[in-house]
Amino acid sequence: MDLEKQPQQPVAPAGPAPAGIRASDADRDRIADILREAMAEGRLTAEEHAERVDLVYRAKTVGELEPLVRDLPAPAGTARQGSPAYGYGPEAAAGPAENLVAVFSSSTRRGRWRVGGRTNAFALFGSVEIDLTEALFGQRLTVVNATSLFGSVEIKVPENISLRGSGTGIFGNFEVDTLESADPEAPVVVVNGYSVFGNVEAKPKRGKLITNLQRQLRKHLGH
């Protein structure tokens, strides 16, 4: 069969997803990256950044995401080609969120572990502890969605990362000790959620610092 005589099917040019299409994790991460760059350049305050990031991870469709960056320039990705995406290691592959659940029990995540982009913590008459002080961050932005019903969720982070949060306490406590790292390459942890007759708390652990993250990552991977 002569392949040259076969009619060629037209290929539609790739373009942005229609506004009504359900947003994917990659869509949300793309918008979050633009917001992060805008804050680093001083176009957004820390409070504005936190508000928009919260909306990013609540968005259901692509149409809900685009207005969040309509007044911002796209990040200058061409200047960063040929180098790792972040100063502390390659970006982790997209995957499902990690779930920590405690129902009349306790659940703990601590020690040397690789943090994904999203972690869901749920405590019902129980306690969840997430200790990030020795964790390896595979990406700059990490989102923790915390829900506490008659229980507690406690998140500990190193002192030299950025920590932000947005949530509500209903007959309970939702408290995030906001941090802004002086290092523009430092990880950013965003804690969202709510507590009902319970407690959600995120704060730095005194004396715990992330130092030389590239060396730590190589050592962890055995390189």
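What you see is a predicted model; the values in this text were computed from it and never measured. Heavy atoms only: backbone and side chains are in, while hydrogens, waters and symmetry mates are out.
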In Å and rounded to the nearest 0.5 Å, what is the OH to CG distance from Tyr57 to Asn145? 9.5 Å

Tell me which one of Val188, Thr178, Leu132, Val191 satisfies side-chain contact (heavy atoms from CB on, under 4.5 Å) with Leu163. Val191

Is a donor on one side and an acceptor on the other found under 3.5 Å between the side chain of Arg109 and the backbone of Ile130? no

Once side chain to side chain donor-acceptor pair (under 3.5 Å) is applied, what residue pairs with a partner in residues 187-202 remain, sequence neighbours excluded? Asn173-Asn199, Glu201-Lys203

Quick check: closest heavy atoms across Ala59 and Arg28, and the distance to 0.1 Å? O-NH2, 2.9 Å

Would you kindly confirm whether Phe125 and Val128 end up in one hydrophobic cluster when ILVMFWY residues are joined by side chain heavy atoms under 4.5 Å apart? no

When you group the ILVMFWY residues by side-chain heavy-atom contacts below 4.5 Å and let the links chain together, are Phe122 and Val189 in the same group? no

Between Leu72 and Arg52, does a side chain to side chain contact (heavy atoms under 4.5 Å, CB included) hold up when you go through it step by step? CA-CA 12 Å; Leu72 300 173; Arg52 295 197 191 192; 3.8 Å; yes

Under 4.5 Å between side-chain heavy atoms, hopping through other hydrophobics if needed: is there a path connecting Val196 to Val103? yes

Of all heavy-atom pairs between Pro204 and Pro158, which one has the smallest distance, and what is that distance? CB-O, 4.2 Å

Can you name the residues that form a side chain to side chain donor-acceptor pair (under 3.5 Å) with Ser24, not counting sequence neighbours? Asp27

Taking only residues two or more places apart in sequence or in another chain, which ones pass side chain to side chain donor-acceptor pair (under 3.5 Å) with Thr142? Gln139

Distance-only, no hydrogens or angles: does the Glu64 side chain make a donor-acceptor pair with backbone N or O of Thr61 under 3.5 Å? yes

Just to verify, which of Leu68, Leu65, Val69, Val56 counts as forming a side-chain contact (heavy atoms from CB on, under 4.5 Å) with Ile34? Val69

